[in-house]
Novice: 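First, the structure itself, so that you have it in front of you.
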Amino acid sequence: MKKFAALITAIDATTRTNEKTDALVRYLEEASDADKLWCVALLSGNRPKRPVKTALLREWAASEAGIPLWLFEESYYVAGDLAETVALVLPPPEREDDASLTERMETLEGLRKKSDEEKEAAIRHIWRGANKAERFVFNKLMTGGFRIGVSTKLMTRALARHLGEDENAVAHRLMGNWDPRTANFQSLLADPDPDEDLSRPYPFYLAYPAEGGTEQLGPVEEWQFEYKWDGIRGQLIFRKGAVFLWSRGEELITERFPDIAVPALNLPRDAVIDGEILAYKDGSPLTFNHLQKRIGRKKPGKKILDDSPAVLMAYDLLEESGKDLRDMPLDERRRRLEALIAEAETDALKISPLLRPATPDEAGRLRAESRAAMAEGLMIKRRSGTYKIGRKKGEWWKWKTDPMTIDAVLIYAMRGHGRRANLFSDYTFAVWDGAELVPVAKAYSGLTDREMQETDRFVKQHTIERFGPVRSVKPELVFEIGFEGIAPSTRHKSGIALRFPRMLRQRTDKKPEDADTLENVRKLLEEFQ
Amino acid sequence: MALIEFTEKGLYCPPADLYIDPWRPVRRALITHAHADHSRWGMGVYAAHRHSIPVMRHRLGSIEAVGVDYGEKLRVNGVDVSFHPAGHIPGSAQIRLKFGKEIWVISGDYKLEDDGLAEPFAPVKCTHFVTESTFGLPIYRWQPQHEVMSDLNGWWAANRDYGLCSLVLTYALGKAQRILSSIDAGIGEVFVHGAVHQTNLALEHAGYSFPHARYLTSEIDKSRLRGALVLAPPSALGSPWVNRLKPYRTASASGWMALRGNRRRRNADRGFVLSDHADWESLNSAVEATGAEHIFVTHGYSDVFSDWLRAKGLRADTVKTAFEGESAEMKPARNGENDSE
Ligand SMILES: [Zn+2]
Ligand SMILES: [Zn+2]
C-alpha cells in the first residue's frame, strides 16, 4: 500500500505526462503481479463496490479527529473531496503498517459482509497505521474512483513499456470484462489467448472538434460527410452466434437494448460495428430525452419499447469474419459495412447516410440545417484514413451546430470539487417569470480560471444567504448560457430541462432586467420539442 | 466605552485615539507587520516594530514612522501599549493595549513554529484576543518546517541533476527570506528576483542577512542558472523575465498547497505546503494560551472558527475586517507584495 500510495502521490504531484508514465513504469517494475492487476484496474476506473456508507465514514472520521460532525462537514465543503477531507483531519498515525495493495483490497471486499461496528473498528485500525498519502488512497478506494490524470492512453503506454510490447495490442487486451480478483496478470496482459473473451470490444476512435469549420481540411472530395447523431456511441459485437453491445463508457448494455441485440442475430457473418444508438420511430430519430429513458432501464418493458424504440445507426465496420479491419481505409470499411447491413435485412440496424456536399459552403449549409434532421452537426472523416485509438487530431472531425443560447442571471453558487475546491464554481442561473427569477440551468463549465476567480470573488462579496456549501447571491451578473437541447421536466420548477448547459460568456453589457424570460424559453421548447 | 471598537476605518482605540492596521488614512496608526493589507498608505504617523520600518519605507515611500522594540512600554493617554513577537515574518508583532482591567491583544497575522528567521511567537495573557483564521479549519495541519524544506531540497537537487533551473514562486516579504535562510545552499547557486532583492536590502537595514542570495541581474550568465534555485513573486511567471530561466521547473510554496484542488489549480509544477500563518492546532493553542474571556475572529474561516470556539464554551465573535481573508488568498498577487500567502 505504501508503494501504491507513493505512486499516486507522484502522479498527482506532476502535470507532465512523461513523469507520470515514468512513475507508473517504476511501480510496475517493482510490484507483485496481483498488485499490478489491481493498479491497472483501479487506475482504469474499475472500482470496488462501496464497502461502507459515506455517512458513516464521516462520523467515524470526525470522532477519530475529535471534532463535531458539523465542523467536519464545513471542512468537506472547503476541501471538496471526502477521501481527502478524512485524510487531512485525522491525527498523526500511531504505527506504520505494511500491507500490500491486494491485501487492502481483500480487506475491503471482506468488510462488505461485516456489521457496522466491525467495519468501524477495522477502518479506524487501518487509519491509525497509515500516513496521509496512504489514508487518502485508502479512503479513495472506499469512496469512489481515482481521478488523478491517468488516461487510458497513459496507462497503456506504461504497461506497454513494462511488458516490452506494442501499445495497440495492450490497449485491446485491457478492454472487455475482466476482474482483478479472478484475472491473472500473465494470461490477461502478458500472453493472452485471443479466443478467451468473445465480448471484447475495440477501443473507440474519437473525433476532434472542427472549430474552424472545413476551410483547413482541403478538397471536400477527400472527406466523407455524415450527420453527427445525438445518441450514445455504441459498439455492436457479433461473434460465434453471440451478440454484445458496448457503450463508449465501456459498459456492456446488451440487455438494455433487446430491440437492437435480438435483430443483430440476423447478421450474416461475425462482425464488430461502430455506430450510434438512437431512439427512432417513423423514419426519424426521437429526441435524446427518449433515449435517456432507455439508458436508465435495465430491463425495458413493453410500453417503453413501444414509445421509445432504439436502433443502431451504423457508421463503421471494425472486424468482419474474425479479421481486424481497422488498418483498411475508411472507403473500404464503408463498402463492406453497406453490404453487411443490406444482407442483415433488419430495421434495427441502419446505415448512417452519406451527405455529399460539393463545396465547403454547401457543407456549412448542411451543418446549419442538421437540427432539422435531428442531428447535432456533421461528422467529417478522411476517406483514406484508418481506424485509430482514442482522440486523435487530423482525420475524424466533429463539426457541431452552434448551441442554442439564453441570457440568464446568476442566483446561486456552490463550491466546486477537486480542482475547484474552495472556489465558488458551480452556478445556478435564472430567467424572469414576471417579477420572479426562476432557476433554469446549472452550469460549471465554460469560464477560464481567471473569469472563474472573478466570479468567485463576486459571490463572496455579494452573498445574501448561506445554506451549507451553497450561497444565494445578489442577482446582478448576466451570462450567456449555451445548451444542446431542451425538454419538458416535472422535476424543475421552471418546467424545463436544458441539456449540456454551459457558460459561453459573461454579458457585461446586460443588466439583470435584460435577461431572458421564461416565456422566451418556453418558445424554444415548442420549437425544438 | 470599549477599549477597542471595530470601525469603518479599522480597529480603533478611543481612549488612546489610535488605530491598529487601519485600511483608510488616519492620524495615528499602530502596525502589526509590513504586509500590504496590514500596513497601508496615507497614515499621519506609523508605529511598528523597528524591523518593520525599513520595509514599510521601501514600500510606502517617506513616511513618518516610529520604531518600537518587543516588550518596550509606551503610554498613550493612560493606555499601556506594547509590541510582542508574532512569529509571522521579520518584525511582525502582536499589539497589546491595557487600560484599567481590560487587556486587548491584536495579533495581526501569526504562526507558532519557530522558522529560524522571525522572532518566535510569544503568548500574551489578555482579556480580549483578536485572532486571524486564515487556516482555521481542521484540514490544515502543517508538517514541521525541516520536513518541508527537505522535500524542497530534494526537488531542487533532482532538477539540478537534469540540468534544470528550479523556480520557486513565493511572496517577496517573509516566505522568500524564510526559504533563503533554511534551504541547503550546498546544492547550488541561489538567485532572487528584483522584488525579493529589494525586500532583502530593506531587511538588511534592520540587521538581517541573506548571504546566499544573489540578485539575478541581466549580467548573470545564463549557464549559471542551470541547476540554480531562483526565488520570485508569482507574478513573475507571466512576464518575459522568466524566459531566461529556461529550461526550468516551477514550485509554489504556500499553505493553500495543502489541498489537492489547489495544487492542481496552481500554475506550478509542484506545490509545497509552507505557510507563515498558524495551522488549526496552533490557532487553538494560541487562543487557549491567552486565557482571554472574549475572542474576536477576523480574516479567514472566521464564521466557522468562531462557531467552533463557542462550541468549546468560549465567548467568540466574528469581526469583519478589510484584511484580505478567504478571497484574496486564492488570487495571484499583483506585485508580489500582497500579504498572506
Ligand atoms: Zn493578514
Ligand atoms: Zn501577513
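In what follows, chains carry the letters A, B, and so on, assigned in the order in which the sequence lines appear, proteins first and then strands, with residues in each chain numbered from 1.
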Novice: Non-hydrogen atoms of chain A under 4.5 Å away: do they reach the side chain of B:Asp307, the backbone, both or neither?
Specialist: both
Novice: What are the two closest heavy atoms between A:Ala83 and A:Asn139, and how far apart are they?
Specialist: O-ND2, 3.1 Å
Novice: Heavy atoms only, distances under 4.5 angstrom: which of A:Glu454, A:Glu74, A:Glu84 has the most pairs with chain B? Name it, please.
Specialist: A:Glu84
Novice: Could you tell me which portion of A:Glu19 (side chain, backbone, both or neither) has an atom closer than 4.5 angstrom to a non-hydrogen atom of chain B?
Specialist: side chain
Novice: Check the orientation of A:His462 and A:Phe458. Use parallel for under 30°, tilted for 30 to 60°, and perpendicular for over 60°.
Specialist: parallel
Novice: Below 30° counts as parallel, above 60° as perpendicular, anything between as tilted: where do the rings of B:Trp308 and B:Trp280 land?
Specialist: tilted
Novice: Ring-plane angle category for B:Phe135 and B:Trp256, please: parallel below 30°, perpendicular beyond 60°, tilted otherwise.
Specialist: tilted
Novice: Looking at B:Ser302 and B:His299, would you say the former's side chain and the latter's main chain have a donor-acceptor pair under 3.5 Å?
Specialist: no
Novice: Once side chain to side chain contact (heavy atoms under 4.5 Å, CB included) is applied, do any residues pair with A:Arg128, and if so which ones, sequence neighbours excluded?
Specialist: A:Glu64, A:Glu94, A:Arg95, A:Arg124
Novice: Under a 4.5 Å heavy-atom cut-off, does chain A meet the side chain of B:Ala311, its backbone, both or neither?
Specialist: side chain
Novice: Distance check, rounded to the nearest 0.5 Å: A:Arg415 atom CZ versus A:Asp456 atom CG?
Specialist: 8.0 Å
Novice: Side-chain contact, heavy-atom cut-off 4.5 Å: A:Tyr412 with A:Val473?
Specialist: no
Novice: Check whether A:Thr14 gets within reach of chain B through its side chain, its backbone, both or neither, counting any heavy atom under 4.5 Å.
Specialist: backbone
Novice: Could you list which of residues 138-150 of chain B have a heavy atom closer than 4.5 Å to any heavy atom of chain A, in residue-number order?
Specialist: B:Pro138, B:Ile139, B:Tyr140, B:Arg141
